[in-house]
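Single-structure report; data block below.
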Amino acid sequence: MQRTRCVRSHAQSRNAPEESCVLTDFSKLGLAEPLQRAIREAGYTTPTPIQAGVIPALIEGRDVLGLAQTGTGKTAAFVLPILHHINAAQRQAPGKTCNALILAPTRELAAQIADSVRTYGRFTGPTRALVVGGVKPGPQVRAMARGVDVLVATPGRLLDLIQSGSIRLHQTSTVVLDEADQMLDLGFMPAIRRIMAMLPNERRTMLFSATLPKTIRTLAQDFLDDPLEVSVAPVSTPAERIAQTVLHVRRTDKREALVRVLADPSVTRAIVFTRTKRGADRVAKQMNASGLKASAIHGNKSQNQRERALAAFKSGAMPILIATDIAARGIDVDGVSHVVNYELPNVPESYVHRIGRTARAGKSGVAISLCGEEESALLRDIEKLIGRRIDAQGDQVDPPNTPPAKRGGGGGGGRNRQGGRPGKPGQAKSGSNAHPGQKKRSRRPRRPKAA
């Protein structure tokens, strides 16, 4: 049985004693009976480690910093205690206010959290509202007019409605920052600070993340009061049930390699990640031209387009989803057999979140990365982060000049290429800082700084 590490304070030393948070079923977590009934009908009996560690503390009224890899049940870990307190308090939220606020970085993740509130609250009947961008604000304003128990929102649209006077936070008693590290990467830090300043000082605050950069530590210090830190796995470690491999291939041959990967009969439902929105559209078009049903989802799509693409993906009508990192944490679909990194991410933490779209709900999954020669430095960064080397597939389309066994050594044979194919020294490569006419490329592609 997996043990949960519970640290009493985020400032506590590494030598501080640990306590066991091992529980065998949901009935021992102290949740109200209607919530336990909803859990049973949803088909769950045993809490995940993050749920076992977080739920009792939140029921006690503690602030919590929860750290767990993707696909481990973080949403239920904070939604269930929120519904427990709402059910016990029986306090109607005044007009334009909410009893609990949940902030998420993407529309898709916010929508899934709202769905979880509906699922777990089916026997308690909490009122809820979803406030996200990409759609007309009118229905959201009307939903908030009478006040709601739970408001799930993205920071940008929430601030818009606060500024218009449609939402007030002065009576909100609980706030959750979900996927806080991604919100920082997306530049939401100023918005988050403005929102947090509008909340009452007396409140319960929960911060959840799958990775723990220094900025998240700072955020915890600023917003949490003597939080209980619950960490159930080494931070930034992918799920053990994911079989990770890398396929070394020239950039110009990636399309052919992707078709071969996706045409395998074992691929029943797959998410393919690209770096750019234009790249996602291009790859989706190429896959459809090759006879593979695929649709694209990214930030330039309207909310209705994104919802239709997700619905087709979930139903199986469109079994391949081509996505940017907007889907790295905003998609929770059972039965994703494969995740393919068509392009490696510039930020290694994004790799962890990308491949976390498979192997969910206790199942296993496969993650395949197509690595071009110009992406070797990104691959090394990922391997350093996850603490292991990713195995190379035996059937390589185009092995790089540097053998995989030598990858990671300082100044290896593959580090001094200028970009483009051999014989085209002036051509800049994707992810490179070089430009035409530059004689020497920088050693590593630049990674965006967290906001």
- Check the pair Leu80 / Ile39 against side chain to side chain contact (heavy atoms under 4.5 Å, CB included), numbers first and verdict last. CA-CA 9 Å; Leu80 287 170; Ile39 293 168; 3.7 Å; yes
- Message: Could you go through Phe223 and Ile192, starting from their C-alpha distance and side-chain angles, then the distance that decides it, and tell me whether this counts as side chain to side chain contact (heavy atoms under 4.5 Å, CB included)?
- Response: CA-CA 10 Å; Phe223 297 143; Ile192 290 173; 4.0 Å; yes
- Message: Set out, in order, the CA-CA distance, both residues' side-chain angles and the distance that settles side chain to side chain contact (heavy atoms under 4.5 Å, CB included) for Arg354 and Asn341, then state yes or no.
- Response: CA-CA 8 Å; Arg354 285 182 177 188; Asn341 289 299; 3.0 Å; yes
- Query: Checking side chain to side chain contact (heavy atoms under 4.5 Å, CB included) for the pair Thr174/His85: CA distance, chi angles, key distance, verdict?
  - Reply: CA-CA 10 Å; Thr174 300; His85 283 285; 5.9 Å; no
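In this structure the side chain of Arg308 never reaches within 4.5 angstrom of the side chain of Ser295, judged on heavy atoms. Proximity of Leu385 to Glu349: side-chain heavy atoms (C-beta onward) are separated by under 4.5 Å at one or more points. Side-chain atoms of His248 and Leu379, non-hydrogen and from C-beta on, do get closer than 4.5 Å to each other. In this structure, the side chains of Met287 and Val259 come closer than 4.5 Å at one or more pairs of heavy atoms. Using a 4.5 Å cut-off on side-chain heavy atoms (C-beta onward), Phe313 and Ile297 make no contact. Contact check for Gln140 versus Val132: side-chain heavy atoms found under the 4.5 Å cut-off. In this structure, Arg269 and Val336 have side chains that are in contact, with non-hydrogen atoms separated by less than 4.5 Å. Between Thr274 and Thr324 there is a side-chain heavy-atom pair separated by less than 4.5 Å.
A salt bridge does not link Glu256 with Arg250: every distance from a Lys NZ or Arg NE/NH1/NH2 to an Asp or Glu carboxylate oxygen is 4.0 Å or more. Electrostatic pairing of Glu41 and Arg37 counts as a salt bridge here, judged by a charged N lying under 4.0 Å from a carboxylate O.
Screening residues 285-305 for salt bridge (Lys or Arg N to Asp or Glu O under 4.0 Å) gives Asp281-Lys301 as the qualifying pairs, with residues at least two apart or on separate chains.
Expressed to the nearest 0.5 Å, how far SG of Cys371 lies from CD1 of Ile390 amounts to 9.0 Å. To the nearest 0.5 Å, the span separating CE on Met318 from CG on Leu310 amounts to 12.0 Å. One finds the OG atom of Ser209 at 10.5 Å from the CZ atom of Arg217 (value rounded to the nearest 0.5 Å). Atom CG of residue Asp391 and atom CG of residue Leu247 lie 13.0 Å apart, to the nearest 0.5 angstrom. Note: Met196 CE to Thr205 OG1 = 4.5 Å, rounded to the nearest 0.5 Å. Summarising the geometry, atom CG belonging to Leu103 is positioned 5.0 Å from atom CD1 belonging to Ile195; distances are rounded to the nearest 0.5 Å.
Leu83 and Val117 get closest at one heavy-atom pair: CD1-O, 4.0 Å. The shortest non-hydrogen separation linking Gly365 to Ala359 is N-CB, 3.8 Å. In terms of heavy atoms, Arg241 sits closest to Lys363 at NE-O, 2.8 Å. Across all their heavy atoms, Leu35 and Tyr120 have their closest contact at CD2-O, 3.3 Å. Pairing each heavy atom of Met183 with each of Ala104, the nearest pair is SD-C, 4.0 Å. The shortest non-hydrogen separation linking Ile242 to Val366 is CG2-C, 4.4 Å.
For Gln36 (side chain) and Leu31 (main-chain N/O), a donor-acceptor pair under 3.5 Å exists by modelled atom type. Distance alone, capped at 3.5 Å, is enough to place a donor-acceptor pair between the Gln51 side chain and the Gly73 backbone. Under the 3.5 Å distance criterion, the side-chain polar atoms of His84 are matched with a main-chain donor or acceptor of Ala32. Formation of a donor-acceptor pair under 3.5 Å by the Arg157 side chain with backbone atoms of Val135 is found in this model. In terms of modelled atom types and a separation under 3.5 Å, the side chain of Asp25 and the main chain of Thr45 share no donor-acceptor contact. Under the 3.5 Å distance criterion, the side-chain polar atoms of Thr245 are left unmatched by any main-chain donor or acceptor of Gln393. Not a single donor-acceptor pair under 3.5 Å links the side chain of Arg357 to the backbone N or O of Val333. Not a single donor-acceptor pair under 3.5 Å links the side chain of Lys74 to the backbone N or O of Phe208.
Legend: residues meeting side-chain contact (heavy atoms from CB on, under 4.5 Å) with Ala114, ordered by chain and number and at least two apart, are Leu130, Val152. Taking Ile86 as the reference, Ile82, Asp149, Val150 meet the side-chain contact (heavy atoms from CB on, under 4.5 Å) condition, with sequence neighbours excluded.
No side-chain N or O of Ser302 forms a donor-acceptor pair with one of Asn304 less than 3.5 Å apart. Remark: the Tyr351 side chain and the Gln244 side chain contain an N/O donor-acceptor pair separated by less than 3.5 Å.
Heavy atoms from other residues, nucleotides or ligands lying under 6.0 Å from CZ of Arg388 number more than 12.
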